[in-house]
Amino acid sequence: MDAISYQRAADVDGAISAAQRPGAAFIGGGTNLLDLMKGGIEHPVTLIDITRIEALDRIDTLPDGGLRIGALVRNSDAANHTLVRTRYPLLSQALLAGASPQLRNMATVGGNLMQRTRCAYFYDTAFAQCNKRAPGSGCAAVGGFNRMHAILGASAQCVAVNPSDMSVALAALDATVQVRGPRGARTIAFGAFHRLPGDRPDLDTTLQSGELITSVDLPPPLFSEHAHYLKVRDRASYAFALVSVASALQLDGHRVRTARIALGGVAHRPWRANVAEQHLAGRTLSASTLREAAAAELAQAKPLSGNAFKVGLAQRAIIRSTMLAAGQGNRDGDFA
Ligand code: SF4
């Protein structure tokens, strides 16, 4: 067992200062970090408890009409907040699709962004090969059990997927991540926060050493009328996505003014479906238009030995989720 020192931070400056020590890690809800520590995957020397920093536990409107969700807001509180439910239903749906009620009551918004892949080889230290856990050791999943793994944006070094539902909705909504660190504050566009694996799969995000997430900011709501989060998984609850889709639309009648689509369960980061979005813009929404858009997006997929089914599944999920966002389908069967 590792010896760990514990320190409670009273404010953001104190937390950042404490984090400059080697081996320091922030702990919020701890729903992922404690599992990683118990499994011998992460070995922090000092845990800096940030849960008493009141300034980060708030949801506030922004002057431009957007919303600031503090990094310490619990997932369940964010999902059930009136302004999130009414102005950003896509985010509320995605949050409620994640984990279990008990975990959502503990997990924080900032921690949700930082959770690590659920690749079984990463979590089981009996497997020597995992470039994310032990850089340079290889990747057991490439030639192993890879049914849950990536079909888009992967590298030979790592084929893991990001497990967050919340992040898929935030990608579609063009959120930003506010961070503070020893060199001050900065804003990270959501699409630049999580990384593709490339040759550094040990790095999940572009957060720099000692930086603390302070909030997630949402732009003014444009998609409160037409949004849907669809999660396809092996069981009805408490399971990670095989494929998920966040769809948000602005419509002029049946014509698409703007489409925002992001996929989960398919890549090392939430996958913004730019090709599909461009295909839909300005067109009349129909199942056939969506079929073309989804096929164009997935044309770049490179499935592994065990997950070719995800290519077709992702296309069908894009079609269904986007039709539901437009109010043109039903949740149980085919389109009306
Ligand atoms: Fe490790 Fe990534 Fe390979 Fe999984 S997919 S074994 S996390 S390197």
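Indexing begins at 1, ligand by ligand and atom by atom, following the structure's order. Everything numeric in this text was worked out from a predicted model, so none of it was measured. Hydrogens, waters and symmetry mates are skipped; everything else that's a heavy atom, side chains included, is used.
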Please report the closest heavy-atom contact between Val311 and Leu298, naming both atoms and the distance.
O-CG, 3.8 Å
Anything under 30° is parallel, anything over 60° is perpendicular, the rest tilted; go ahead and classify His149 against Tyr121.
tilted
Quick check: is Val109 connected to Leu34 through a chain of hydrophobic side chains (ILVMFWY, heavy atoms under 4.5 Å apart)?
no
Would you kindly confirm whether Val177 and Leu90 end up in one hydrophobic cluster when ILVMFWY residues are joined by side chain heavy atoms under 4.5 Å apart?
yes
At less than 2.8 Å, how many protein N/O/S atoms surround atom 3 (Fe) of ligand 1? Leave waters out.
1
Between Arg195 and Asp204, is there a side-chain N and carboxylate O pair less than 4.0 Å apart?
no
If we ignore angles and hydrogens, is there a donor and acceptor under 3.5 Å between the side chains of Arg320 and Gln315?
no
